[in-house]
Amino acid sequence: MRWTWQLEDPTGAPVDPASLDLEVTDWDSQGDAESWLGENWRDLLERGIATVTLFEGETKVYGPMGLAAT
């Protein structure tokens with residue numbers, strides 16, 4: 001299975017990465033997906049992404065997870 005992030009706006013609606021001029025790929029492992037998020041969460045937050053949800057294939061693993069500091 002491939003691992004993917006669903007990007008979400010402040011209302012929780014999914015955001016198409018292309019609409020933000022982003023290229024978000026999928027990954028072979030959960031660790032690779034989480035490492036990418038760790039490196040890019042600030043940029044995503046600046047672009048209006050409020051939460052993310054991690055999927056393995058079609059299965060939701062966790063989320064929505066907020067990007068803003070609490």
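What you are looking at is a predicted structure, and each value in this text was computed from that prediction instead of being measured.
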Inset, instruction - Using the test side chain to side chain contact (heavy atoms under 4.5 Å, CB included), find all partners of Trp41 that sit at least two apart in sequence or belong to another chain. - result: Leu37, Leu45, Leu67

Inset, instruction - Mind checking side chain to side chain donor-acceptor pair (under 3.5 Å) for Thr4 and listing every partner two or more places apart, or none if nothing turns up? - result: none

Legend entry - Closest non-hydrogen atom pair between Trp5 and Ala33, with its separation: NE1-O, 2.8 Å

Inset, instruction - Can you sort out the partners of Thr59 under side chain to side chain donor-acceptor pair (under 3.5 Å), two or more places apart, ordered by chain and number? - result: none

Inset, instruction - Might you confirm whether atom CE of Met65 has over 12 heavy atoms from other residues, nucleotides or ligands at distances under 6.0 Å? - result: yes

Inset, instruction - Mind checking the CD1-CG spacing from Ile49 to Asn40? Nearest 0.5 Å is all I need. - result: 12.0 Å

Legend entry - Considering all heavy atoms, the nearest Pro10-Gly48 contact: CD-O, 3.7 Å

Inset, instruction - Not counting sequence neighbours, list each pair that qualifies as a salt bridge (charged side-chain N to carboxylate O under 4.0 Å, His left out) and has a residue in residues 43-56. - result: Asp43-Arg47

Legend entry - Pairs flagged by side-chain hydrogen bond (donor to acceptor under 3.5 Å, both in side chains) wherever residues 7-22 is involved - sequence neighbours left out: Gln6-Glu8, Glu8-Thr51, Glu8-Thr53, Asp9-Thr11

Inset, instruction - Provide the closest heavy-atom pair for Trp27 versus Val24 in the form atom of the first, atom of the second, distance. - result: CH2-CG1, 3.9 Å

Legend entry - Gln30: side chain to side chain contact (heavy atoms under 4.5 Å, CB included) partners, not counting sequence neighbours: Trp3, Glu34, Leu54, Val61, Tyr62

Legend entry - Any residue meeting side chain to side chain donor-acceptor pair (under 3.5 Å) with Ser29, in chain and number order, not counting sequence neighbours: Asp32

